[in-house]
Amino acid sequence: MKTDILIIGGGIAGLSAGARLAPHATVTLLEAETATGYHASGRSAALYEASYGKPSIMALARASGDFFLNQSDYLSPRGLMLAGRADQAEAFASECAEMGMERLSPAETLKQLPILDPEIAAQVGYTPEAWDIDTDRLMQDFAKTIRAHDGQILTKSPVTAITPGRRWQVTTPGARYEADLVINAAGAWADRLAQMAGVAPIGLTPMRRSMARVAAPEGMDPAPWPMIFGVREEWYMKPDAGALLISPAEEDPTTPHDAWADDMVLAEGIARYEAFVTTPVTRMISNWAGLRSFAPDRNLVIGADPVAKGFFWLAGQGGYGFLTCPAASQLAADLILGRPPQLEADIRAALSPGRFGR
Ligand SMILES: Cc1cc2nc3c(=O)[nH]c(=O)nc-3n(C[C@H](O)[C@H](O)[C@H](O)COP(=O)(O)OP(=O)(O)OC[C@H]3O[C@@H](n4cnc5c(N)ncnc54)[C@H](O)[C@@H]3O)c2cc1C
């Protein structure tokens, strides 16, 4: 099958890029699993906020704000709290300032989050500038856009070989494709995919992060509660459809695989959360883990490979793949279609695969 652009990976990266490109080119997206969003993109905490991470991440998040806050309805208000013990005053102060949070009194805190223990949470910061993202609908809508422009999304299509030539030859167990441009949106597998194509890898590291979904405290409705982080991201909790998501917020380096939660890591994270609240966790509903994949400098990797013509990177989304996707996919499309990019040159340089000096 011939196509202009072949996207490999059906997570938020591949789907958002596909939706930007499909009106301008023939797009085919190949996903190894039986459904899109099966890996990291189906396992996130689904939060949008723009004052978290490296400058390039914040720039992408801010540039995504117009799409999220003005042009679409994927967000709903959540709010974000930071809690620190008395002995964490210094780290608390710097994180609170970094995220532009106001400090809350114990009475204000309990109004927002009645289960927090003011004896332990000696200092609390808060910002309303954080929203839940309807990630499922976002991905479905990007997929619909691709199909509406005669693009194809093919699941159960693991790419097993990529051969350079006048056009790229890409093989799956059931088919062969020819494309002018290959977009590597393979998440934790992006380096492996590059190596398959004879392209030098970036040095991406998939990092496992686990999540427990637990019952809300008896008789309480967590819907209006904010998401809350411990200082230095030692744990976080986020209300989720009548239950609570609790994460140990670990970053354990691993290899690309179908990740699952480590029981001990999960238990330790839940204990760190429980130390800050007055209601114990009584029942686990489910748990999972996903891989957040980072480049060595933790910036995303967006751009044409400097050596392999027609091989485009859209990888290294780390813990920010959703909150950056409107601007990241816009940048990818601008670069591919030869349009002037909206992001500033220093940010583009921080994201470019050329920064690794290959
Ligand atoms: C616990 C957790 C919490 C998070 N919270 C947030 C959050 O609050 N906000 C936020 O913005 N981000 C968050 N993230 C990060 C976000 O989920 C990721 O950055 C994002 O999902 C990465 O998307 P992706 O498309 O690059 O990767 P993936 O979703 O992993 O997609 C890559 C796809 O490529 C496919 N693939 C790989 N190799 C091949 C091949 N050879 N052939 C065909 N297909 C292939 C895979 O099957 C996979 O489906 C979180 C992540 C985790 C794990």
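Every number for a ligand or one of its atoms is a count from 1 in the order of the listing. Start at 1 with the first residue, then count along the sequence. Values below: every heavy atom of this structure, side chains too, minus hydrogens, waters and symmetry copies.
Between Trp235 atom CH2 and Ile270 atom CD1 the span is 12.5 Å, to the nearest 0.5 Å. The OG atom of Ser247 sits 8.0 Å away from the CD atom of Glu233 when rounded to the nearest 0.5 Å. One distance of note links CG of Leu82 with CZ of Phe92; it measures 5.0 Å at 0.5 Å rounding.
Pairs of residues two or more places apart, or lying in two chains, that qualify as ring-ring contact (aromatic ring centres under 6.0 Å, His included) and include a residue from residues 20-40 are His39-Trp189.
Around ligand 1 you find Ile8, Gly9, Gly10, Gly11, Ile12, Ala13, Leu30, Glu31, Ala32, Glu33, His39, Ala40, Ser41, Arg43, Ser44, Ala45, Ala46, Leu47, Ser157, Pro158, Val159, Ala185, Ala186, Gly187, Trp189, Leu193, Arg209, Met211, Tyr236, Gly290, Arg292, Gln317, Gly318, Gly319, Tyr320, Gly321, Phe322, Leu323, each with a heavy-atom distance below 4.0 Å.
When hydrophobic clusters are built by joining Ile, Leu, Val, Met, Phe, Trp and Tyr residues whose side-chain heavy atoms come closer than 4.5 Å, directly or via intermediates, Tyr320 is grouped together with Met207.
Between Lys238 and Asp132 a salt bridge is recorded (basic side-chain N to carboxylate O distance below 4.0 Å).
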